[in-house]
There are 2 protein chains.
Amino acid sequence: MIRFVRHLPLAESEKQAILNTPREIRRFQRGDTIYRPDEPGDVARILVEGLAVQYRILRNGERQSADLVFPTRFCDLGCILFGESDHFLAALTDAEIVEISTGRVLDLFARYPQIPILLLHQETRSRSILFERLLSVGRRPAIRRLAHLLTEFRLRRELAGVPPSRSKRILLQQRWIGDFLGLTTEHVSRTIGKLKAMGLIEQHRNGIVILDPAGLARIAEFDAGYLHSGAEAPPQPASAHRRQGGPASAEFGSAGTKRAENKGWNR
Amino acid sequence: MIRFVRHLPLAESEKQAILNTPREIRRFQRGDTIYRPDEPGDVARILVEGLAVQYRILRNGERQSADLVFPTRFCDLGCILFGESDHFLAALTDAEIVEISTGRVLDLFARYPQIPILLLHQETRSRSILFERLLSVGRRPAIRRLAHLLTEFRLRRELAGVPPSRSKRILLQQRWIGDFLGLTTEHVSRTIGKLKAMGLIEQHRNGIVILDPAGLARIAEFDAGYLHSGAEAPPQPASAHRRQGGPASAEFGSAGTKRAENKGWNR
DNA sequence: CGTGTGCTTGAGGGAGATCAACGTACGTGG
DNA sequence: CCACGTACGTTGATCTCCCTCAAGCACACG
């Protein structure tokens, strides 16, 4: 928790205020459901350790995953703002969640206006990522979808500050990959096979290793612009506000490749 | 613009501040592109009149629409926060946009902290709608997707306060419907045919009329909870914060139908 | 060692895409 | 008022990507 707060782009007083707020730490095991939409939504939750996934289900049990949750992120803003969450959250690894009661969070909002602005950033970026996933699921063929997801995972893990030493393996069960991409596990398996055959990835025990990041990104037609990774700092009132490229945009220049070949979009 | 501000859940002083902020009104015609992601993003935009659609495109020109924009909404928060928008906005009807320079918006944020909180609400609701669209595109068959979109459109138009007198017709070209649902126009046409044959909708010149809202919602397995329509007011610090059902949840009781039949989700 | 859990592989089927006409409303200019 | 072009929608034939169903396999764990 302390580590989490320290990295927020907030003033010291604000960090102290958060640290002084009564909170509870809950630990979950890989596979646990962290919360469900039918539970009372009276707490705000922050993932401080581990990896989690947000999903919704259909009446027949089919599942669609929306987003990975890396530390350190407020999951479940709906809970704070509307008193109920609209999705499930499951732990993909052992995970640690900090819970703060909704009322106290709203007090923090009122006393430290930089906090809602920080959350606004987070939510806007998250919406952009969701938009890109929708684009994938709606319009990209399976192999591009998969390549895109793997590339996104790699970059976001870097951006979230996971040490690259800590195994480059992407530990995602094929069931979850399918739920992200709107595919069946069988088809995920076959599609992984294709990427393997192309020499772009490797599979060990449980986990995918990216052998050729650039090649994968090319298949995916990946453009890192949607991650908005260059603007981690809160906005500066009245000052010229330009983003400088982070590692992501350095690798896939956003201006250059973003809308090459967009003839036809206006048909 | 004045009408827009009056309806915001803000204090009088805040409304005045917005009204006193220098702004520009731009008008667009049906079919115009209002903004594109490659344009300089130095203004915040609010749709005050008309109907617009957000979309992204693939290199080959395929398009995926994410969301309808009803008045009165801040489109394009990415522009304010990150200095660039991540999508296109097109006018589905003649439309009116208010533009305020990014710097002035950030000043408003700093001086009236209720404003970013309002936007946080808007953005969170918008993300929830996007999540539901992803669920549709990823997991629902075409006929449910279409029924869901039409039902969502009907409810959101009501919630946005469009007078029901003003024609119950849903004026969406099949091309746009397809782009929302990840389908081709041909398949949209066939699917509309099925709903017509079931007596759920009717087609006039250009526009769909819903004959049987409840029947359509049943096909869609529609649950209005994701619209978060009961919580238009900003959050109340420290007070118990419960949402009361709006017209939407009155029609499709969210608690009752929400997660009936969720056995199997945990397979 | 059995049992479970996740992954793989194959055969067959189907929802939706693609390709190609054709129809219909509407605007524009003759 | 009619000829023509354009924009949308419809309809049909064919194809294909992905799903479904069904085994079989590999590995972890009791």
Side-chain angles (χ1 to χ4, degrees), chain A residues 29-32 53 58 60-64 90 92-93 136-147 149 169-197 201-209 219 264 266-267, chain B residues 29-32 53 58 60-64 90-93 136-149 169-197 201-209 219 264 266-267:
Chain A
Q29 293 192 334
R30 183 178 129 94
D32 286 352
V53 57
L58 250 28
N60 65 6
E62 286 189 278
R63 174 171 31 216
Q64 179 67 47
L92 290 179
T93 65
S136 261
V137 172
R139 297 300 192 191
R140 286 195 250 250
I143 194 166
R144 288 193 203 279
R145 276 187 233 184
L146 179 58
L149 182 73
R169 268 178 211 166
I170 293 177
L171 292 155
L172 264 184
Q173 291 179 191
Q174 296 189 3
R175 162 197 171 207
W176 287 113
I177 295 179
D179 287 338
F180 272 114
L181 303 182
L183 299 172
T184 59
T185 59
E186 294 93 327
H187 202 68
V188 170
S189 175
R190 288 185 239 266
T191 309
I192 288 177
K194 284 186 195 171
L195 289 180
K196 268 194 294 189
I201 62 174
E202 237 175 29
Q203 248 176 328
H204 294 88
R205 343 197 98 274
N206 44 0
I208 293 172
V209 176
I219 298 284
N266 205 4
R267 59 185 151 154
Chain B
Q29 294 191 333
R30 182 179 129 92
D32 287 351
V53 57
L58 249 29
N60 65 7
E62 285 189 279
R63 172 169 35 214
Q64 179 67 47
L92 290 178
T93 65
S136 261
V137 172
R139 295 302 190 191
R140 287 195 251 250
I143 194 166
R144 288 193 202 278
R145 276 186 231 184
L146 179 58
H148 199 279
L149 182 72
R169 268 177 211 166
I170 293 176
L171 292 154
L172 264 185
Q173 291 178 194
Q174 296 189 2
R175 162 197 172 207
W176 287 113
I177 296 179
D179 287 338
F180 272 112
L181 303 182
L183 300 172
T184 58
T185 59
E186 294 94 325
H187 202 68
V188 169
S189 176
R190 289 185 239 265
T191 309
I192 287 177
K194 284 187 196 170
L195 289 181
K196 269 195 294 188
I201 62 174
E202 239 175 28
Q203 249 177 329
H204 295 87
R205 339 198 102 277
N206 43 0
I208 292 173
V209 176
I219 298 285
N266 207 3
R267 60 186 152 147

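Convention: sequence-line order gives letters A, B, ...; per-chain numbering from 1.
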Margin query: What is the distance, to the nearest angstrom, from the CZ atom on B/R30 to the C1' atom on D/dC8?
Written below: 10 Å
Notebook entry, point to check: Side chains of B/R145 and B/F180: does their closest heavy-atom pair fall under 4.5 Å?
Noted result: no
Next item on the list: Write down the atom of A/A142, the atom of A/L183, and the distance for their closest heavy-atom approach.
Entry: CB-CD1, 3.8 Å
Next item on the list: Measure the NE2-CG distance between B/H187 and B/L146 for me, rounded to the nearest 0.5 Å.
Entry: 9.5 Å
Checklist line | B/L146 CG to C/dA15 P, straight-line distance once rounded to whole Å | finding: 16 Å
Item checked: side-chain N/O A/Q173 vs C/dG6 OP1/OP2, d < 4.0 Å -> yes
Item checked: Under the side chain to side chain donor-acceptor pair (under 3.5 Å) test, residues paired with A/R140 that sit two or more places apart -> A/E132, A/S136, A/H148
Next item on the list: Mind calculating the distance between CG (B/L171) and P (C/dA25) to the nearest angstrom?
Entry: 17 Å
Notebook entry, point to check: Distance check: side-chain N/O of B/Q203 vs OP1/OP2 of D/dG9, anything under 4.0 Å?
Noted result: no
Note to self: Suppose we screen for side chain to side chain contact (heavy atoms under 4.5 Å, CB included). Which residues come up paired with A/Q203, at least two apart in sequence or across chains?
What the structure shows: A/Q174, A/I192, A/K196, A/I208
Checklist line | Partners passing side chain to side chain donor-acceptor pair (under 3.5 Å) against B/R30 (at least two apart in sequence or in another chain) | finding: B/Q173
Checklist line | Any side-chain heavy-atom pair of A/R139 and B/D179 under 4.5 Å | finding: yes
Notebook entry, point to check: Roughly, in whole Å, what's the span from CD1 in A/I192 to P in C/dC7?
Noted result: 8 Å
Notebook entry, point to check: Between the two ends of the helix from C/dC1-D/dG30 to C/dG30-D/dC1, what is the bend in degrees, rounded to 10 degrees, where each end axis spans five pairs?
Noted result: 30°
Checklist line | Separation of B/S189 OG from B/I177 CD1 (nearest 0.5 Å) | finding: 10.0 Å
Note to self: Run the side chain to side chain contact (heavy atoms under 4.5 Å, CB included) test against A/K194 and tell me which residues pass, sequence neighbours left out.
What the structure shows: A/I143
So which protein N/O to nucleotides 24-26 of chain D N/O distances come out below 3.5 Å?
none

Next item on the list: State, yes or no, whether a side-chain contact exists between B/L171 and B/T93 at a heavy-atom distance under 4.5 Å.
Entry: no
Next item on the list: Could you tell me the separation between the NE2 atom of B/H204 and the P atom of C/dC26, rounded to a whole number of Å?
Entry: 14 Å
Next item on the list: Enter the distance from A/I201:CD1 to A/L195:CG here, rounded to the nearest 0.5 Å.
Entry: 4.5 Å
Next item on the list: Let me have a per-nucleotide readout for nucleotides 16-24 of chain C, 5' to 3', with B, S or -, counting only protein heavy atoms under 4.0 Å.
Entry: BSBB-----
